[in-house]
Chemist: 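Attaching a single structure in structure tokens format; questions to follow.
Letters A, B, ... mirror the listed sequences (proteins, then strands); counts begin at 1.
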There are 2 protein chains.
Amino acid sequence: MSDTLMTIREMCDAFEVTPRTLRFYEARELIFPQRKGQHRLYDRRDRARLTLILRGKRFGFSLEQIRQLLELYEPGGANRTQIAATIEVSRDRLADMERQYAELSIAIDDLRRQISDAEGRLAAETNEQPTG
Amino acid sequence: MSDTLMTIREMCDAFEVTPRTLRFYEARELIFPQRKGQHRLYDRRDRARLTLILRGKRFGFSLEQIRQLLELYEPGGANRTQIAATIEVSRDRLADMERQYAELSIAIDDLRRQISDAEGRLAAETNEQPTG
DNA sequence: GGGCAGGTTGACGTGAACGTAAGCAAGACG
DNA sequence: CGTCTTGCTTACGTTCACGTCAACCTGCCC
């Protein structure tokens, strides 16, 4: 059930991307759908990777950074040096995300305060008599 | 002290941007430095706005979205309708950021787990005798 | 008064991440 | 048999956020 193969159209509908996008990600070696003849078929693994890709994009990572991160999620037959390198860059990304998390917390508080200030001004103006 | 005017070069050094970037933001109406003759001079307000701009960019907002947000931080003589509209879009941005915050938390946990898994594999491999 | 550092405008170039369009193949349908 | 849909490849176009470059002004120093 969960390892159902999906066509490109099904993938597009499920993830709200275009075929162009999926082919583009494949060209950049972010996903590796099988082929049935000429047609692409996406399995559970491809869907998991696409989920991570879209998530990474929302955090502002480049496709290349995401590609490196995806290596971490593939316990394939990489050698020690490659695994260590992957861990390296992943730690960097993690640090980025932790920084972003902290800053986002501040920014959210900031924005909430600004919004309620503005709401206050709006309410005040409502009770005043405008001079014009 | 805090309302010192700064030249474009001083701004660039302070914020690690290029002159081109500052002029670009000005063209997009994100900052409004004074002019001394032809030369630009940036005050405390410009610096505050630039801080918010760069922050917004780190969260993946477009310059246009940031421009709208900046209106919220300027209690200038806008009319009720404009203030209300600004609050509207700001609430949308806030919602974006809250979503991002929640998702980021998940992604960080995810990534941490993947990294320690990979570290585990690395350690395991160190203790094994490689077949080759 | 010549030159030069620092700033200005304007036009064009660039890289990332796709969009769009043209043209072909292959299975489904009536 | 034609044509419709779906997907494929190739190639060029687009948007955003700047970078790069040319040409000009402008103090200011020697």
Chemist: Tell me whether A/I108 is reachable from B/V89 by hopping between hydrophobic residues (I, L, V, M, F, W, Y) whose side-chain heavy atoms are closer than 4.5 Å.
Modeler: no
Chemist: Expressed as a whole number of angstroms, how long is the span from B/L22:CG to D/dG19:P?
Modeler: 10 Å
Chemist: Using a cut-off of strictly less than 4.0 Å, decide whether A/R40 has a side-chain nitrogen or oxygen near OP1 or OP2 of D/dC8.
Modeler: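 It does, given that an N or O in the side chain of A/R40 lies less than 4.0 Å from OP1 or OP2 of D/dC8.
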Chemist: Can you check whether B/T18 has a side-chain N or O nearer than 4.0 Å to OP1 or OP2 of D/dC18?
Modeler: no
Chemist: Determine: side-chain N/O of A/T7 to OP1/OP2 of D/dG7, distance under 4.0 Å, yes or no.
Modeler: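 For D/dG7, OP1 or OP2 has a side-chain N or O of A/T7 closer than 4.0 Å.
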Chemist: What is the distance, rounded to the nearest whole Å, between atom CD1 of A/I31 and atom P of C/dA17?
Modeler: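 My rounded result for the distance is 14 Å.
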Chemist: Would you please name every residue forming a side-chain contact (heavy atoms from CB on, under 4.5 Å) with A/S116, sequence neighbours left out?
Modeler: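 By the side-chain contact (heavy atoms from CB on, under 4.5 Å) rule, A/S116 matches A/E119.
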Chemist: Dump every N/O contact between nucleotides 20-26 of chain D and the protein below 3.5 Å, one line per pair.
Modeler:
residue	atom	partner	partner atom	Å
D/dT20	O4	B/R20	NE	3.2

Chemist: Can you tell me the distance, in whole Å, between the CG atom of A/L54 and the C1' atom of C/dA17?
Modeler: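 These atoms are roughly 13 Å apart.
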Chemist: Grab the CZ-P distance between A/R67 and C/dA17 for me, whole Å please.
Modeler: 12 Å
Chemist: Are there any protein N/O atoms within less than 3.5 Å of an N/O atom in nucleotides 13-17 of chain D, and if so, which ones and at what distance?
Modeler:
residue	atom	partner	partner atom	Å
D/dA17	OP1	B/L63	N	3.1

Chemist: Would you check if the side chain of A/Q68 reaches a backbone N or O of A/Q65 as a donor-acceptor pair within less than 3.5 Å?
Modeler: no
Chemist: I'd like to know if the side chain of A/D46 and the backbone of A/D43 have a donor-acceptor N/O pair within less than 3.5 Å.
Modeler: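 Yes: the side chain of A/D46 pairs with the backbone of A/D43.
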Chemist: Please report the distance, rounded to the nearest Å, between NZ in A/K36 and P in D/dT6.
Modeler: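 It works out to 15 Å between those atoms.
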Chemist: Please list every donor-acceptor pair under 3.5 Å in which a side-chain atom of residues 30-40 of chain A meets a protein atom from a residue at least two apart or in another chain.
Modeler:
residue	atom	partner	partner atom	Å
A/R35	NH1	A/Q38	O	2.9
A/R40	NE	A/E26	OE1	2.5

Chemist: How long is the line joining CG of A/D13 and P of D/dT6, in whole Å?
Modeler: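 My rounded result for the distance is 11 Å.
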Chemist: Starting at atom CD of A/E26, determine the distance to atom P of D/dT10, rounded to an integer number of angstrom.
Modeler: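 Distance, rounded to whole Å: 12 Å.
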Chemist: Check the phosphate of C/dT9 against B/R35, side-chain N and O only, distance under 4.0 Å to OP1 or OP2. Yes or no?
Modeler: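 Yes, within the criterion.
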Chemist: Expressed in angstrom and rounded to an integer, what is the separation of A/M6 atom CE from D/dG7 atom C1'?
Modeler: 16 Å
Chemist: The test is side chain to side chain contact (heavy atoms under 4.5 Å, CB included); show your working for A/R28 and A/F24 and say whether it passes.
Modeler: CA-CA 6 Å; A/R28 293 301 180 85; A/F24 186 76; 3.5 Å; yes
Chemist: Can you name the residues that form a side-chain contact (heavy atoms from CB on, under 4.5 Å) with B/T51, not counting sequence neighbours?
Modeler: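 Checked B/T51 against side-chain contact (heavy atoms from CB on, under 4.5 Å); matches are B/F15.
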Chemist: Just by modelled atom types, is the A/V17 backbone N or O under 3.5 Å from a matching donor or acceptor in the A/T21 side chain?
Modeler: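 No, the answer is negative, given that no donor and acceptor are paired below the 3.5 Å cut-off.
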Chemist: Which pairs of donor and acceptor atoms, one on a side chain in residues 92-102 of chain A, lie under 3.5 Å apart (sequence neighbours left out)?
Modeler:
residue	atom	partner	partner atom	Å
A/R93	NH1	A/D96	OD2	2.3
A/D96	OD1	A/R99	NH2	2.9
A/E98	OE2	B/R112	NE	3.4
A/E98	OE2	B/R112	NH2	2.8
A/Y101	OH	B/Y101	OH	3.4

Chemist: Taking any heavy-atom pair under 4.0 Å as a contact, classify A/R23: base, sugar-phosphate, or nothing.
Modeler: base
Chemist: Ignoring backbone atoms, test whether B/R9 places a side-chain nitrogen or oxygen under 4.0 Å from the OP1 or OP2 oxygen of C/dG6.
Modeler: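 The answer is no; no side-chain N or O of B/R9 sits under 4.0 Å from OP1 or OP2.
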